> 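Before I ask anything, here is the structure I am working with.
No hydrogens, no waters, no symmetry mates; every other heavy atom, side chains included, goes into these values. What you see is a predicted model; the values in this text were computed from it and never measured.
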Amino acid sequence: QVRLEESGGGLVQAGGSLRLSCADPGRTLSSYNLGWFRQAPGKEREFVAAISWDGDVTYYGHSLNRRFTISRDLAKNTVYLQMWMLQPEDTAVYYCVGGSRIRDAETVDYWGKGILVTVSS
């Protein structure tokens, strides 16, 4: 059973940056596509970013304006989401996801528990 664990969330001021991390301490994630979704209060879950199993291909949600970068370190078995120029509208619970088809929430195989990012104005 894949168990994705997010870290790195918290409170940041508008204009600041954060880096989220996600790993499974019990198994390798090298064969999975990995990514991130987020859900803001009162809104639907939104696709943020995805990266292929080998790190060669990345996808991003349309609303991010190139402020986020997804990457993975195969040696550390970890996927990252670097976020810059954060705005209050980026406040959400961020979920790490994994599987074969992860750009659609309905086809994601594995979900982390989520981690809260709060951006203050």
Side-chain angles (χ1 to χ4, degrees):
Q1 181 70 23
V2 173
R3 190 178 79 240
L4 300 173
E5 296 183 355
E6 302 95 342
S7 61
L11 175 65
V12 63
Q13 289 188 334
S17 62
L18 275 177
R19 188 179 77 163
L20 304 182
S21 302
C22 173
D24 183 336
R27 64 183 294 158
T28 180
L29 297 173
S30 60
S31 62
Y32 297 102
N33 298 323
L34 298 173
W36 297 88
F37 279 74
R38 68 182 182 182
Q39 188 165 22
K43 295 188 177 181
E44 293 185 354
R45 199 164 288 188
E46 175 187 20
F47 170 73
V48 175
I51 188 166
S52 60
W53 65 272
D54 56 2
D56 284 350
V57 182
T58 57
Y59 299 95
Y60 293 94
H62 297 301
S63 65
L64 301 179
N65 294 324
R66 300 183 180 181
R67 295 180 295 115
F68 293 6
T69 299
I70 189 170
S71 62
R72 67 189 298 169
D73 186 326
L74 293 173
K76 294 183 178 180
N77 202 38
T78 301
V79 62
Y80 303 99
L81 184 70
Q82 178 68 53
M83 304 182 290
W84 289 280
M85 295 302 294
L86 285 162
Q87 302 301 316
E89 53 264 35
D90 295 314
T91 295
V93 176
Y94 285 72
Y95 297 90
C96 181
V97 299
S100 57
R101 297 168 57 196
I102 62 170
R103 294 171 66 185
D104 185 336
E106 294 183 353
T107 57
V108 168
D109 294 317
Y110 307 107
W111 291 86
K113 292 183 178 181
I115 192 164
L116 179 62
V117 171
T118 303
V119 185
S120 63
S121 57

> Can you tell me how far the CZ atom of F68 sits from the OG1 atom of T58, to the nearest 0.5 Å?
14.5 Å
> Look only at the side chain of D24 and the backbone of R3, and say whether a donor-acceptor pair between them is shorter than 3.5 Å.
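Such a contact is found between D24 side chain and R3 backbone.
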> If hydrophobic clusters are built from ILVMFWY residues whose side chains come within less than 4.5 Å, do L64 and L81 share one?
yes
> Does V12 have any side-chain contact (heavy atoms from CB on, under 4.5 Å) partners at least two apart in sequence or in another chain, and if so, which?
L18, L86, V119
> Linking I/L/V/M/F/W/Y whenever any side-chain heavy atoms sit under 4.5 Å apart, do L116 and W111 land together?
yes
> Determine whether more than 12 heavy atoms belonging to other residues, nucleotides or ligands lie under 6.0 Å from atom CH2 of W53.
no
> Atom CD in Q39, atom CD in E46: separation rounded to 0.5 Å?
10.0 Å
> In the single-linkage hydrophobic clustering (I, L, V, M, F, W, Y; side-chain heavy atoms under 4.5 Å), do I51 and V48 co-cluster?
yes
> Just so I know, are the side chains of V79 and S71 near enough to count as touching, which here means a heavy-atom distance under 4.5 Å?
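When only atoms from C-beta onward are counted, S71 and V79 do not touch, as no gap falls below 4.5 Å.
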> Is the ring centre of Y32 less than 6.0 Å from the ring centre of Y110?
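Close enough - the centres of the two rings lie under 6.0 Å apart.
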> Side-chain heavy atoms under 4.5 angstrom apart, residues restricted to Ile, Leu, Val, Met, Phe, Trp, Tyr: same cluster for V2 and I70?
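Yes; tracing contacts between hydrophobic side chains, which count when under 4.5 Å, links both residues.
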> Hydrophobic clustering (ILVMFWY, side-chain heavy atoms < 4.5 Å, transitive) - are Y80 and L29 grouped together?
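Different hydrophobic clusters.
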> Would you indicate whether the side-chain heavy atoms of S17 and M83 approach each other to under 4.5 Å?
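Heavy-atom side-chain distance check fails, nothing below 4.5 Å.
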> G99 and I102: which non-hydrogen atoms are nearest, and at how many Å?
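For G99 versus I102, the nearest heavy atoms are N-CG2, 3.5 Å.
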> Roughly how far, to the nearest 0.5 Å, is the CE atom of M85 from the CZ atom of R66?
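Between atom CZ of R66 and atom CE of M85 there are 15.5 Å.
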> Hey, could you give me the CD/CZ distance between Q1 and R27, rounded to the nearest 0.5 Å?
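Between Q1 CD and R27 CZ, I get 8.0 Å after rounding to 0.5 Å.
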> Shortest non-hydrogen contact from P88 to S121?
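The pair with the smallest heavy-atom distance is CG-CB, 3.9 Å.
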> Apply the ring-ring contact (aromatic ring centres under 6.0 Å, His included) test between F47 and each candidate in F37, Y95, Y94; give the one that qualifies.
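Exactly one pass, corresponding to F37.
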> Has T118 got a side-chain atom pairing as donor or acceptor with L11's backbone, closer than 3.5 angstrom?
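No: the side chain of T118 does not pair with the backbone of L11.
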> Report the C-alpha distance between R72 and D54 in whole Å, list the side-chain angles of each, state the deciding distance to 0.1 Å, and finish with yes or no for salt bridge (charged side-chain N to carboxylate O under 4.0 Å, His left out).
CA-CA 9 Å; R72 67 189 298 169; D54 56 2; over 6 Å; no
> Looking at D109 and R101, is there a salt bridge between them, counting it only when a charged N and a carboxylate O are closer than 4.0 Å?
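Here R101 does not pair with D109 in a salt bridge, since their nearest N and O are not under 4.0 Å apart.
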> Given side chains that start at C-beta, do those of R67 and D90 come closer than 4.5 Å, heavy atoms only?
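Yes, their side chains come closer than 4.5 Å.
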> For the backbone of K76 and the side chain of T78, can you confirm whether one donor and one acceptor N or O come within less than 3.5 Å of each other?
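Yes.
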> Under a 3.5 Å distance rule, please check whether E6 uses its side chain to pair with a backbone N or O of I115 as donor and acceptor.
no
> Heavy atoms, side chains only, cut-off 4.5 Å: are C22 and L34 in contact?
no
> Specify the closest pair of heavy atoms between D56 and S52, including all atoms of both residues, with the distance to one decimal.
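Residues D56 and S52, closest heavy atoms: N-OG, 3.2 Å.
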